[in-house]
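Working notes for the structure below.
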Amino acid sequence: MSLDQEQQDQMILHQLSQIEKFSSVHRRPDFDTNFAYGTAGFRMRADLLDSVVYRVGLLAALRSRKLDGETIGVMITASHNPPEDNGVKLIDPQGEMLEASWEVYATKFANARSDEELAREYFNVAETLKIRLDAPCKIAYGRDTRASGPALVSALKDGLSAAGAEFSDYGVLTTPQLHYIVKCINTAETSSPYGEPSQAGYYKKLAAAFKAVMKGKPKPGLITIDAANGVGGPKLAELLEVLGSESLEAVIVNDDVEATQKLNQQCGADYVKTQQKLPAGAEPEALQLYASLDGDADRIVFYYVDEAKKFFLLDGDKIASLAAMFIQELLEVSGVEDVEVGVVQTAYANGSSTAYLQDVLKVPVTCTSTGVKHLHHAAQLYDIGVYFEANGHGTVLFSAATIKALESFEAASPGQQSAVDTLLSLADVINQTVGDALSDLLLVLTVLAHKSWGPSEWNMAYTDLPNRLVRVVVDDRFAFKTEDAERRLVEPQGLQAQIDELVKKYKFGRSFVRASGTEDAVRVYAEAATRLEADELALKVSELLKGL
Ligand SMILES: CC(=O)N[C@H]1[C@@H](OP(=O)(O)O)O[C@H](CO)[C@@H](O)[C@@H]1O
Ligand SMILES: [Mg+2]
């Protein structure tokens, strides 16, 4: 055996023994919980997460080693979940969600039953994927404002140290900020660096792009933003500071991050979307624009009240439609040809939005499974892919070839040039890595300013079909298996046929059932021609689940 080989073996043995040693301080709390890397990583009550986060640190190190030392992100957040929950998810080098094939390793690590089993799994994954355990690896991590965050960060650091990783702590930030930073780090040495890998760099990039795209347009009217008492509040305040009051003025409500038990309570994007009403703390002024962020500021929904104080929600479907319409118009004016704009939605998209996109805007629409990772990948197949979940999580992806085509386009008139410039600035306003509430806020304000629209004009594109989303607790949510982008159940057997029978009775009726990936429950969605019918259909489908 060569000396090098011997040293390498020693180092690997040391690493494995460190992993076992630290694992004994971060033991799995109980064996009843079956951990699963779901729609948005691991997410559950924070007191169950210590061992999971430690183990995610190990996996992050392997992932970075597998990708030649590119930086991997780890975000500690539970987004819209209640204050006592927390979660953890991995970010791939280009700021994307963790590659799906690695989720099984995350799940395996989390469920290892002993320190030895964990070290063995770690070694096995390295062997299977031909990962050199002495190769360098780099991790960037951050957390939201939850009280449980700092303790989980320590567990993560132990995991990273045990695996011999180099790591940087980015402190408290929004999920999209960390996605942005990860992409910036990994593109720093390339011909197209994404930006400065810091929060300051993030604000600078967004602010400069917003100012460019708004040039010559009137400053947006006052907007009130509910920050869910989460990390989005202070971060939005920082962004506003960089933008300056001459560019944008906003009132932030529900921005008390010190009172951590107030997070997402009676406020935030999820509350407004599911309850279809104003959050606490928002004083409704007729026809003014309001918005709500979620707990980690990767989602946003808008809303307003009319003169009669009636509430109107402008959700992810409305944002996608607004963005697709604007981009299509700009492309048409610019004269740039052969750029395909497509929209990606999930089964939760309102049927009216899909009809508007396909029949009025005539853009292709793809339907994918729930979870941004699915939408993101489908959107990458278009030249400009607009993707939004109905709950307000989404973004717009411009392919590299499209950006190149726009940059090199020779405009025949100032009008054409202006449309091209607007499209290019828009691509910078929009966070290209992941759905981002702050960046989406600027996107919406841009379109409204260019169209001289208020919220009610925006809302006129189409009328939502009344809909209802119900959460049903069942004995075993894993018994619910779906096909056709989650729109149909395969198991439990016979259930889909019963749903179909019910749906047939309702005008514009549509309903589907799927297991949640973030909560221990199944979700029932129903829409129909009237509010009463949508509620009734949701109730009847929910009743089918009783006794299962
Ligand atoms: C109906 C719904 O809103 N589902 C949400 C929710 O997923 P579930 O798998 O439905 O629990 O949380 C996800 C992560 O935030 C989000 O991507 C998704 O849209
Ligand atoms: Mg979120």
Side-chain angles (χ1 to χ4, degrees), residues 36-44 75-82 85-89 91 97-98 103 142-146 173-179 227-232 235 263-264 268-276 292-301 313 315-317 319-320 344-350 367-377 387-395 431 434-440 467-474 477-478 480 482 485-487 511-527 538:
Y37 196 98
T39 322
F42 294 106
R43 202 181 279 188
M44 66 198 74
M75 183 69 193
I76 296 179
T77 177
S79 183
H80 60 283
N81 285 41
D85 284 6
N86 214 328
V88 60
K89 53 189 170 190
I91 302 168
M97 304 284 174
L98 173 70
E103 292 177 6
R143 64 174 175 94
D144 69 14
T145 52
R146 282 163 201 271
L173 33 60
T174 70
T175 296
Q177 283 181 324
L178 186 60
H179 283 258
N229 293 315
V231 66
K235 302 305 168 184
L263 176 69
N264 298 323
D270 199 59
Y271 174 85
V272 173
K273 167 72 181 164
T274 53
Q275 305 292 313
Q276 309 199 7
S292 283
L293 318 179
D294 75 339
D296 63 339
D298 61 358
R299 285 197 210 172
I300 189 165
V301 294
L313 179 68
D315 63 3
D317 301 337
I319 304 172
V344 185
Q345 303 185 309
T346 71
Y348 293 105
N350 195 277
C367 182
T368 70
S369 295
T370 303
V372 191
K373 59 189 177 199
H374 300 295
L375 289 106
H376 191 94
H377 288 133
Y387 75 84
F388 274 88
E389 292 189 307
N391 60 30
H393 194 170
T395 190
N431 189 331
V434 77
D436 180 339
L438 303 190
S439 143
D440 290 339
N467 59 89
R468 182 63 62 199
L469 182 60
V470 188
R471 183 179 178 276
V472 184
V473 176
V474 292
R477 73 176 147 131
F478 297 105
F480 291 76
T482 58
E486 303 180 327
R487 287 175 287 195
S511 180
F512 64 93
V513 177
R514 64 174 272 280
S516 162
T518 59
E519 293 170 49
D520 195 8
V522 298
R523 300 195 197 281
V524 173
Y525 178 87
E527 62 184 32

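Counting starts at 1 for both ligands and their atoms, following the listed order. Keep in mind it's a predicted model, so treat the numbers as computed, not measured.
- Considering each of Asp520, Asn81, Asn391, the one bringing a non-hydrogen atom nearest atom 5 (C) of ligand 1 is Asn391.
- Asp315 places none of its side-chain heavy atoms less than 4.5 Å from the side chain of Phe388.
- Heavy-atom contacts of Ala40 reach the following atoms of ligand 1: 14 (C) (cutoff under 4.0 Å).
- In this structure, the side chains of Leu438 and Leu293 come closer than 4.5 Å at one or more pairs of heavy atoms.
- The contact set between ligand 1 and Arg514, taken as ligand atoms under 4.0 Å from a residue heavy atom, comprises 8 (P), 9 (O), 10 (O).
- Under the rule for a side chain to side chain donor-acceptor pair (under 3.5 Å), Lys89 has no partner lying at least two apart in sequence or in another chain.
- Close approach of ligand 1 to Ser516 (heavy-atom distance below 4.0 Å) involves ligand atoms 8 (P), 9 (O), 11 (O).
- A salt bridge does not link Glu486 with Arg523: none of the charged nitrogens is closer than 4.0 Å to a carboxylate oxygen.
- The shortest distance between side-chain heavy atoms of Tyr525 and Asn467 falls below 4.5 Å.
- Set against the non-hydrogen atoms of Arg523, the atoms of ligand 1 under 4.0 Å away are 1 (C), 8 (P), 10 (O), 11 (O).
- Annotation: Ala515 places no N or O atom under 3.5 Å from an N or O atom of ligand 1; distance criterion only.
- Proximity of His376 to Val434: side-chain heavy atoms (C-beta onward) are nowhere separated by under 4.5 Å.
- The Arg299 neighbourhood of ligand 1 comprises atoms 15 (O), with distances under 4.0 Å to a heavy atom of that residue.
- If you look at Tyr348 next to ligand 1, the close heavy atoms, those under 4.0 Å, all belong to the side chain.
- Using a 4.5 Å heavy-atom threshold, the side chains of Tyr348 and Asn391 count as separate.
- Here 4 is the count of protein N, O or S atoms positioned under 2.8 Å from the Mg ion (ligand 2), waters not counted.
- For atom 16 (C) of ligand 1, the nearest non-hydrogen atom of the protein is Glu389 OE1, 3.4 Å.
- Between His393 and ligand 1, not a single N/O pair is under 3.5 Å apart.
- At a heavy-atom distance under 4.0 Å, no atom of Lys273 approaches ligand 1.
- Two residues are said to be in side-chain contact when any heavy atoms from C-beta on lie closer than 4.5 Å; Leu98 and Tyr37 meet this criterion.
- With respect to Asp270 and Arg299, a salt bridge is recorded, a charged nitrogen being found less than 4.0 Å from a carboxylate O.
- At least one side-chain heavy atom of Ile300 sits under 4.5 Å from a side-chain heavy atom of Ile319.
- For the pairing with Asp85, the side-chain contact (heavy atoms from CB on, under 4.5 Å) check across His80, Met44, Glu519, Arg146 returns one residue only, Arg146.
- Here the protein heavy atom with the shortest distance to atom 6 (C) of ligand 1 is Thr518 OG1, 3.9 Å.
- Side chains of Thr175 and Ser79 form no contact here, defined as non-hydrogen atoms less than 4.5 Å apart.
- The His80 neighbourhood of ligand 1 comprises atoms 12 (O), 15 (O), with distances under 4.0 Å to a heavy atom of that residue.
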